4 protein chains.
Amino acid sequence: MARKVDPEKHEEKRLELLEAAHRCFLREGLRGASTAMICKEAGISPGHLYHYFPSKVVIVEAMAEDYLRRLHGYFADRPEGADTSTVLLSEIWSMQGWGDVDHCRILFELLAEAGRNPRIRAILRENTRGVRAVLSQTLRAGQAKGEVDAGLEPDQVAAMLIAVVDAAPMLPLMVEGLDFAASRDLLTLMVRRFLAPQREV
Amino acid sequence: MARKVDPEKHEEKRLELLEAAHRCFLREGLRGASTAMICKEAGISPGHLYHYFPSKVVIVEAMAEDYLRRLHGYFADRPEGADTSTVLLSEIWSMQGWGDVDHCRILFELLAEAGRNPRIRAILRENTRGVRAVLSQTLRAGQAKGEVDAGLEPDQVAAMLIAVVDAAPMLPLMVEGLDFAASRDLLTLMVRRFLAPQREV
Amino acid sequence: MARKVDPEKHEEKRLELLEAAHRCFLREGLRGASTAMICKEAGISPGHLYHYFPSKVVIVEAMAEDYLRRLHGYFADRPEGADTSTVLLSEIWSMQGWGDVDHCRILFELLAEAGRNPRIRAILRENTRGVRAVLSQTLRAGQAKGEVDAGLEPDQVAAMLIAVVDAAPMLPLMVEGLDFAASRDLLTLMVRRFLAPQREV
Amino acid sequence: MARKVDPEKHEEKRLELLEAAHRCFLREGLRGASTAMICKEAGISPGHLYHYFPSKVVIVEAMAEDYLRRLHGYFADRPEGADTSTVLLSEIWSMQGWGDVDHCRILFELLAEAGRNPRIRAILRENTRGVRAVLSQTLRAGQAKGEVDAGLEPDQVAAMLIAVVDAAPMLPLMVEGLDFAASRDLLTLMVRRFLAPQREV
DNA sequence: TATGAATGAGGGTTCATTCAT
DNA sequence: GATGAATGAACCCTCATTCAT
């Protein structure tokens with residue numbers, strides 16, 4: 001009789017739990033969501049959660065890590081052939097409406113938490129570093145192709161673009177009835193003009 | 001002879017409490033900060049808080065309202081004579097370093113909360129509406145002066161600019177050791193290029 | 001300038017406060033009514049209550065005393081000429097409907113409290129002793145007139161009658177839509193038959 | 001292998017808690033008894049109470065329901081062969097002294113509460129309805145046997161008898177040193193005379 | 001006399017976590 | 001693995017009471 005259970009199944013369940021946690025955190029906030037609630041959402045008993053995570057803190061951290069990895073994964077599968085700005089904004093272009101942006105609200109939870117919690121800040125920074133590298137490289141390629149203003153410092157610009165993209169989910173919260181497509185187009189226009197090579201300035 | 005209450009003193013104390021609350025909320029989060037902690041920070045006894053506010057929920061709401069009003073007050077006292085982009089970013093230009101941006105982190109708390117709490121969302125939207133009106137007007141003036149691309153829809157752009165400005169406090173959280181002045185310059189550049197009248201497009 | 005204020009006015013205000021307290025206690029219960037609520041009901045400030053009573057406990061005791069005195073005062077002004085049973089039930093016959101019995105609900109508060117609070121019990125007993133004496137005397141007079149069974153022990157019967165009268169306010173609580181006049185008549189019938197001289201027993 | 005909850009054990013513990021609550025409520029009153037005190041009385045930790053009841057309000061309601069059911073259960077197991085009045089008073093005849101009546105004091109708490117709390121009132125009325133039905137039937141049987149005055153309306157009389165029986169616990173509170181047996185006999189006498197068929201009225 | 005600011009203990013309730021089964 | 005009973009600290013809030021004015 002095999003004692004050590006299938007580690008794959010364990011990992012799978014772990015991910016399921018993180019997704020359940022994500023839903024609860026979205027609904028109630030990082031503090032507002034209780035472990036009991038997460039367990040209910042995931043369909044397990046309250047005690048059993050501790051077979052997968054040693055504490056709620058760790059759940060938050062793991063969820064952050066997992067979420068950010070998946071979120072910024074969009075940059076990885078970006079469409080070849082598109083122009084640089086579109087590539088850089090692929091995360092937003094993969095969405096169809098404000099509804100698709102909902103799950104991003106957890107970012108605000110994480111940013112708020114990052115302001116006072118070094119571990120969450122570290123996770124955020126680590127993830128950002130990865131995304132920055134990708135964007136930086138894209139920008140450099142753009143500069144090489146003459147699509148991007150060569151005077152811009154790729155690393156700096158990459159950081160700013162991440163902030164701008166992550167700011168998008170603010171819009172539906174701050175303004176009611178904003179048109180998704182129009183906002184996306186405007187954002188794209190801003191980035192395009194920003195990056196465009198400047199003639200004889 | 002009964003001394004009639006001094007409503008001024010009451011109001012003054014109320015504001016002091018809101019500032020104490022703001023500090024606690026920054027330090028521990030909206031949920032994480034306890035009323036006891038706020039009282040300690042303000043130097044009053046735990047029960048006395050309820051002389052000024054009927055509940056913690058109301059404290060959060062009042063703090064949000066108060067904070068947003070003061071924050072976006074910057075747009076009102078903007079320097080005359082500056083170019084449109086600078087005026088629009090005056091909030092950021094009034095700051096000297098990342099330290100000055102710290103108190104803005106409460107915005108992330110509020111955005112996170114706004115996602116699930118209709119009252120906070122309403123407060124946020126009401127405040128945004130006011131700021132949008134101011135920015136919109138500035139943009140229209142810029143268009144009249146020929147400083148701003150006449151093809152841009154002022155209301156839409158105003159919303160986007162607010163999001164972009166509010167995204168700035170993300171930068172020090174996401175990237176360590178970022179230079180404040182450089183980031184501000186880059187942000188200003190982006191906005192300037194975005195708004196600039198386009199020649200023969 | 002007279003320093004010592006009119007003690008009459010003081011006493012008058014004290015009684016007003018007790019009535020306000022009675023209303024609050026009825027509405028919220030002895031524990032449920034706060035001193036703040038009583039002050040509001042009486043139209044004075046929270047601190048000022050303590051110029052009239054040293055503590056809430058004393059308010060309850062004073063209210064009990066005052067209330068019982070007034071309630072059982074009915075027995076004193078009973079109509080001459082009526083038959084013994086009617087005299088004994090004059091408290092109930094002075095009422096016109098269940099609405100008039102409402103204020104008696106405070107009795108249940110007092111009985112509950114009397115069960116565990118020796119001072120309230122003492123007040124209740126002291127008052128009961130007075131009423132018993134009156135009823136006893138009435139019964140003895142009835143026996144002398146041949147209206148009341150001479151075999152009944154007046155003191156015992158008096159106690160029972162008080163309990164029976166005080167039980168009346170239970171009826172509208174326990175049974176919905178009970179007719180007041182019919183219930184009163186039935187109660188009177190029971191007492192009349194109880195007291196009636198028995199032929200050839 | 002997961003062990004399925006034992007619902008029997010849960011129910012048993014629940015009843016234990018209700019009895020502990022009843023003791024505390026008697027000692028300190030419905031409001032005066034704290035959940036902490038109930039937990040201590042029951043020998044559990046303060047938080048654990050909420051495994052069995054969602055709130056103190058529910059505890060009070062459940063206790064009321066449970067108590068009234070058990071109290072008025074006496075009428076169900078009444079002795080056959082006794083005369084109607086004795087049957088009707090079986091609740092009191094099952095007791096041996098004032099000590100046995102102590103637990104009934106909770107009734108005064110419930111009556112006081114019923115005056116302002118619709119849910120407690122509903123519970124009280126529902127229970128009363130059941131008891132009335134039983135008493136009514138007994139009365140009708142008595143009328144058929146010629147033991148009870150046929151002119152009395154059984155439903156009305158039943159309500160009155162419940163009130164009279166529930167008034168009995170007032171006696172030891174209102175009068176010190178009252179003899180239990182004598183009071184019971186007097187009460188029985190009153191009821192007997194009340195119900196007795198009347199000759200030539 | 002009269003006010004209302006101020007206190008601090010204690011109320012009901014929640015929750016992360018542990019543990020026997 | 002999986003359950004849910006059990007804990008106890010902490011949370012938000014109420015309240016009788018005191019006191020400077």
Side-chain angles (χ1 to χ4, degrees), chain A residues 2-6 9-10 13 31-39 43-59, chain B residues 1-7 9-10 13 31-39 43-59, chain C residues 2-6 9-10 13 31-39 43-59, chain D residues 1-7 9-10 13 31-39 43-59:
Chain A
R3 198 4 91 93
K4 272 291 165 214
V5 234
D6 194 348
K9 224 172 175 182
H10 186 89
K13 191 79 188 171
R31 298 289 278 243
S34 67
T35 53
M37 183 185 290
I38 294 170
C39 290
I44 65 169
S45 67
H48 197 37
L49 187 63
Y50 289 78
H51 275 265
Y52 295 94
F53 304 96
S55 73
K56 188 183 170 183
V57 166
V58 170
I59 296 175
Chain B
M1 201 165 313
R3 159 205 40 137
K4 265 292 139 213
V5 214
D6 189 346
K9 222 170 175 180
H10 188 90
K13 190 84 188 170
R31 302 286 278 242
S34 68
T35 54
M37 183 184 289
I38 294 171
C39 290
I44 64 171
S45 69
H48 195 39
L49 186 61
Y50 290 82
H51 239 55
Y52 296 93
F53 303 96
S55 72
K56 188 184 170 183
V57 165
V58 169
I59 296 176
Chain C
R3 197 8 87 96
K4 270 290 164 216
V5 235
D6 195 349
K9 224 171 173 181
H10 187 88
K13 190 79 188 171
R31 299 289 279 240
S34 67
T35 53
M37 182 184 289
I38 294 170
C39 290
I44 65 169
S45 68
H48 197 38
L49 186 64
Y50 289 80
H51 275 264
Y52 296 94
F53 303 96
S55 73
K56 187 183 170 184
V57 166
V58 170
I59 296 176
Chain D
M1 201 168 313
R3 160 206 40 139
K4 265 291 142 212
V5 214
D6 188 348
K9 224 173 175 179
H10 187 90
K13 189 84 187 169
R31 300 288 277 243
S34 69
T35 53
M37 183 183 289
I38 294 171
C39 289
I44 64 171
S45 69
H48 195 38
L49 186 61
Y50 290 81
H51 238 56
Y52 296 93
F53 304 95
S55 71
K56 188 183 170 184
V57 165
V58 170
I59 296 176

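Letters A, B, ... are given to chains in the order of the sequence lines, protein chains preceding strands, and every chain is numbered from 1. Remember, predicted model here, so these are calculated numbers, not experimental data. Below, each value reflects all heavy atoms present in this structure, side chains not excepted, and no hydrogens, waters or symmetry copies.
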Nearest atoms (heavy-atom pairs only) where D/Cys39 meets D/Ser45: SG-O, 3.6 Å

Residue A/Lys56, side-chain atoms from C-beta onward, closest of F/dC13, F/dG1, E/dT17: E/dT17

Among E/dG4, E/dG12, E/dC15, the nucleotide that comes nearest once only the side chain of D/Thr35 is considered: E/dG12

Sugar-phosphate only, base, or nothing, as touched by A/Tyr52 at under 4.0 Å among non-hydrogen atoms: sugar-phosphate

Nearest to side-chain heavy atoms of A/Ser45, which nucleotide of E/dT13, F/dT3, F/dT14: F/dT3

DNA chain E: 5'-proximal contact among A/Pro54 and B/Gly43 (nearest heavy atom): B/Gly43

Nearest-nucleotide comparison on DNA chain F, the residue closer to the 5′ end among B/Met37 and C/Ser34: B/Met37

Selected nucleotide, minimal atom distance to D/Pro46 side chain, candidates E/dA6, E/dT3, F/dG8: F/dG8

First encountered from the 5' end of DNA chain E, between B/Ile44 and D/Ala33: B/Ile44

Complementary nucleotide for F/dT7 - Watson-Crick or wobble, under 3.5 Å: E/dA16

C/His48 side chain, from C-beta outward: closest of E/dT3, E/dT7, F/dG8: E/dT3

Closest non-hydrogen atom pair between D/Leu49 and D/Ile44, with its separation: N-CD1, 3.7 Å

Nucleotide F/dA16, atom P - distance to OH of B/Tyr50 in whole Å: 17 Å

Atom-to-atom span, CG of A/Leu49 to P of F/dT3 - whole angstrom: 12 Å

Distance, rounded to the nearest Å, where B/Lys9 contributes NZ and E/dT3 contributes P: 19 Å

D/Tyr52: side chain to side chain contact (heavy atoms under 4.5 Å, CB included) partners, not counting sequence neighbours: D/His10, D/Lys13, D/Arg14, D/Leu17, D/His48

Nearest-Å distance for atom pair NE2/C1', residues A/His51 and F/dT3: 9 Å

Along DNA chain F (nearest heavy atom to each residue), the more 5'-positioned of D/Gly47 and C/Gly47: D/Gly47

From CD1 (A/Ile38) to NZ (A/Lys56), nearest 0.5 Å: 6.0 Å

Complementary nucleotide of F/dT21, counting Watson-Crick and G-U pairs under 3.5 Å: E/dA2

Whole-Å gap separating P (F/dA5) and NZ (D/Lys13): 11 Å

